[in-house]
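Inspection log for the structure reproduced underneath, given as structure tokens.
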Amino acid sequence: MKVCFTAKGATLESLSEERFGRAPFFIIIDLDSGASEAVQNPYVEGAGGVGPKAAQILISHDVTALVSGQVGGNAREALMAAGIEMFTFRGSSVNDALEQFKKNALQRSE
Amino acid sequence: MKIAVASGKGGTGKSMVAANLAYTLSLAEPVTLVDCDVEEPNLHLFFPGPAESTDVTIPVPVFDTAACDLCGKCGEFCQFGAITVLRDRVLFFPELCHSCGGCLLVCPKGAITESPVRIGTVSVSIPLPSLILVTGLLDTGSPLAVPVIGAAKARAATHPLVFYDSSPGTACPVIETLDGSDFCVLVTESTPFGLHDLELAADVVAGMGIPAGVVINRSDGEDEATLDFCAEHDLEVMMTVPFDREFAAIQNQGCLLCREHPEWQERFRALYSGCRHLAGVSP
Amino acid sequence: MKRLAVISGKGGTGKTMVTAALAHLLQGRLVMADCDVDAANLALLLNPRPLWTKPFFGQKAAVIDSDLCLGCGSCEANCRFDAIRPDQGIFRVETLHCEGCAVCTYVCPAEAVSMQPRQTGEILYSETDRGHLVHARLVPGAGNSGLLVSAVKKTGFENDPESDLLLIDGPPGTGCPLISTISGVDLVLVVTEPSLSGLHDLERVVAVCRQFRPKVLVAVNRFDLSPTIARTIDLGDSLISATFK
């Protein structure tokens with residue numbers, strides 16, 4: 001499965017970002033192969049409707065779970081419709097978030 | 001001639017000025033009054049009467065699931081994030097849609113058509129023999145005031161003498177109201193708020209190249225700051241209405257100053273002559 | 001952080017006066033946001049000392065490169081916002097009307113149109129005796145004020161996360177700036193006045209609030225101008241009493 005973490009930078013050491021639609025980077029990790037990819041978010045400075053647009057990025061990358069701080073109403077609707085599970089993480093680095101996700105320690109956001 | 005009544009600050013007496021101008025002039029010639037404050041229209045309270053109402057709609061996309069191959073081009077193009085293309089279907093967010101038609105243009109399969117969605121109404125009534133009242137009304141919960149204002153103005157496009165009652169502020173609904181006006185009456189009041197917002201509104205009309213003049217309402221007699229501002233900016237103070245509890249009560253009950261106190265008709269006629277003069281229209 | 005928005009429906013009923021009074025009376029740590037971005041007045045009452053200002057960019061706007069424009073008019077034909085105007089054989093964008101939809105960039109055969117960022121206002125962050133104040137200046141005539149409203153609220157929220165209350169001075173009306181103001185707030189205080197217009201506008205704005213589910217309370221300003229209408233509001237017709245449930 002592919003998990004997406006919202007981040008302030010492009011590496012696993014980067015700080016995690018609480019916002020979803022305006023997160024600077026989406027770090028997508030394939031848990032099966034261990035491969036990771038950093039996708040720059042073109043909508044960081046977008047004027048409106050950034051949530052559904054960011055959701056579209058995750059859908060096109062075949063992501064199945066999202067770890068982020070807060071997800072807005074429209075983005076949430078799009079992610080749920082796409083069957084992408086959402087988990088809440090507010091803390092330090094993407095690495096930490098990944099560890100906690102693997103340990104099943106993150107709360108699922110309904 | 002098209003005359004807009006605007007203010008910047010809310011509650012300064014735009015509707016009072018527009019209603020009394022229209023009432024007074026309609027005693028001698030045909031007048032149309034257009035309520036462009038579509039979020040909170042009030043003129044119908046001063047001119048009650050049966051009205052004929054038509055819907056204002058905007059087109060929004062409808063997706064033909066049989067023809068759509070989920071290529072995602074519509075979602076990619078939409079600048080407002082109103083379309084998300086999932087693996088198995090298209091998700092549409094109507095409240096984000098600006099009705100630009102871009103998705104139709106970019107769809108390679110011709111799978112998108114449009115269907116109208118109601119966002120408000122325009123009602124037309126004839127409350128007095130020579131007065132037509134056009135009221136734009138935005139449906140509650142709809143954010144799109146501008147198309148409703150456009151539809152209301154369109155109903156009066158060919159009428160000879162039209163007054164537009166604007167919403168407060170300086171944002172897009174005000175621009176839509178002012179667009180195409182020959183003159184703008186800026187209504188202010190003797191408070192620091194009134195002056196601050198008059199400055200903003202004067203900026204907008206100047207930027208649009210529309211000649212304007214000022215009415216000071218609820219004057220407490222200490223209007224020096226407003227008078228100074230108007231003098232500096234070459235804005236004529238066309239009329240001053242004193243603060244008076246009786247005037248406030250007349251207005252609050254939905255009555256008209258010029259009907260209760262006919263001696264004010266002369267002053268509103270003079271205000272109209274002033275508008276024509278400043279707009280460069282021959283008398 | 002709790003969020004309280006003071007709104008009115010009708011303009012000029014005394015929102016800003018009530019907001020400033022609440023700012024002085026409420027206990028706890030406050031951050032204030034003036035969301036009446038196209039006629040912001042709260043700062044006039046709070047003597048703010050500016051800390052910083054940042055530009056605000058709204059939806060991008062189309063720009064036609066006059067050297068590349070062929071004068072074919074397909075942009076004008078496809079623009080639904082009347083934002084493209086003929087100008088000496090070619091076309092130009094009337095920026096005040098441009099919605100930022102980018103349809104013109106798609107239909108132009110000469111690739112003469114591009115979307116450019118436009119500054120539609122600025123956000124000001126200041127210190128007052130009662131906490132930080134975020135307010136804004138919309139470039140007069142600029143559209144998308146709802147976006148600026150969201151940005152003002154967000155600035156307050158993100159810069160003062162330790163505050164107990166975000167106190168919002170809202171815009172008049174029921175359209176996009178009002179909807180942006182009340183989305184996500186816990187409590188709405190509607191300031192009205194005892195006039196037919198005030199009552200009419202109160203009913204409409206309460207109807208909008210109910211679609212967004214914050215709690216709604218009503219305050220009547222200048223009640224002595226018409227004790228009869230004030231009593232109507234106070235006793236509550238079905239609509240208003242329903243909001244107190």
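Proteins come first, then strands; the chains are lettered A, B, ... in the order of their sequence lines, and each starts at number 1. The shown structure was predicted, so the numbers you read here are calculated from the model rather than taken from an experiment.
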Interface moiety of T12(B) toward chain C, non-hydrogen atoms closer than 4.5 Å:
neither
Using a cut-off of under 4.5 Å on heavy-atom pairs, state which of P173(B), C78(B), A171(B), A145(B) scores highest against chain C.
A171(B)
Please look at I175(B) and chain C and tell me whether the side chain, the backbone, both or neither of the residue comes under 4.5 angstrom of a heavy atom of that chain.
side chain
Of all of S226(C), A40(C), C79(C), which one pairs up most often with chain B through heavy atoms under 4.5 Å apart?
A40(C)
Applying a strict 4.5 Å limit to non-hydrogen atoms, the region of S99(B) in contact with chain C is both
Does the Lys NZ or Arg CZ of K2(B) fall within the cation-pi geometry relative to Y164(B) - under 6.0 Å from the ring centre and within 45° of the axis?
no
At a heavy-atom distance under 4.5 Å, which candidate from G141(B), P168(B), S7(B) has the highest pair count against chain C?
G141(B)
Relative to chain B, which segment of L225(C) carries a heavy atom at a distance below 4.5 Å: side chain, backbone, both, or neither?
both
Heavy-atom pairs under 4.5 Å with chain C - which of R245(B), E189(B), Q251(B) has more of them than the others?
R245(B)
Charged N to carboxylate O under 4.0 angstrom, R222(C) versus E193(C)?
yes
Taking the side chain from S142(B) and the backbone from L138(B), do they hold a donor-acceptor pair closer than 3.5 Å?
no
Ring centres of H98(B) and F80(B) under 6.0 Å apart?
yes
Hey, are the side chains of L199(C) and I229(C) touching, using non-hydrogen atoms and a 4.5 Å cut-off?
yes
Checking E176(B) against chain C: side chain, backbone, both or neither under 4.5 Å from a heavy atom?
side chain
Please identify, among D224(C), N78(C), T228(C), L96(C), the residue contributing the most non-hydrogen atom pairs under 4.5 Å to chain B.
D224(C)
Segment of S197(C) engaging chain B (4.5 angstrom heavy-atom cut-off)
both
Ranked by heavy-atom pairs below 4.5 Å to chain B, first place among G100(C), S180(C), P177(C) goes to G100(C)
May I ask you to say whether R137(C) pairs ionically with E199(B), meaning some side-chain N is under 4.0 Å from a carboxylate O?
no
Measuring heavy-atom distances to chain C, does D37(B) have an atom under 4.5 Å in its side chain, in its backbone, in both, or in neither?
neither
Below 4.5 Å from any heavy atom of chain C, which atoms of A248(B) appear? Answer side chain, backbone, both or neither.
side chain
Non-hydrogen atoms of chain C under 4.5 Å away: do they reach the side chain of P41(B), the backbone, both or neither?
both
Is chain B contacted by the side chain of P194(C), its backbone, both, or neither, given a heavy-atom distance below 4.5 Å?
backbone
Tell me if the CD atom of Q88(C) is crowded by more than 12 foreign heavy atoms within 6.0 Å.
no
Short N-O contact, D38(C) and K9(B), less than 4.0 angstrom:
no
If one checks every heavy atom of V107(C) against chain B at 4.5 Å, the contacting part turns out to be side chain
Using a 4.5 angstrom heavy-atom cutoff, name the option from A102(C), P172(C), P171(C) with the most pairs to chain B.
A102(C)
Tell me, do D165(B) and C36(B) make a side-chain contact under 4.5 Å, heavy atoms counted?
no
Does Q59(C) offer a backbone N or O that forms a donor-acceptor pair with the side chain of R118(C) under 3.5 Å?
yes
Answer yes when R92(C) and D87(C) have at least one side-chain N-carboxylate O distance shorter than 4.0 Å, and no when they do not.
yes
For the pair N217(B) (side chain) and T188(B) (backbone), establish whether a donor and an acceptor sit closer than 3.5 Å, ignoring hydrogens and angles.
no
F163(B) and V34(B), any side-chain heavy atoms less than 4.5 Å apart:
no
Leading residue by heavy atom contact count with chain C [cutoff under 4.5 Å; candidates D179(B), D203(B), V106(B)]
V106(B)
Side chain, backbone, both or neither of V38(B) within contact of chain C (heavy atoms, under 4.5 Å)
backbone
Determine the option with the most heavy-atom pairs under 4.5 angstrom with chain C, choosing from G10(B), C100(B), G8(B), G254(B).
C100(B)
When only pairs under 4.5 Å are counted, which of G198(C), G12(C), C209(C) shares the most heavy-atom pairs with chain B?
G12(C)
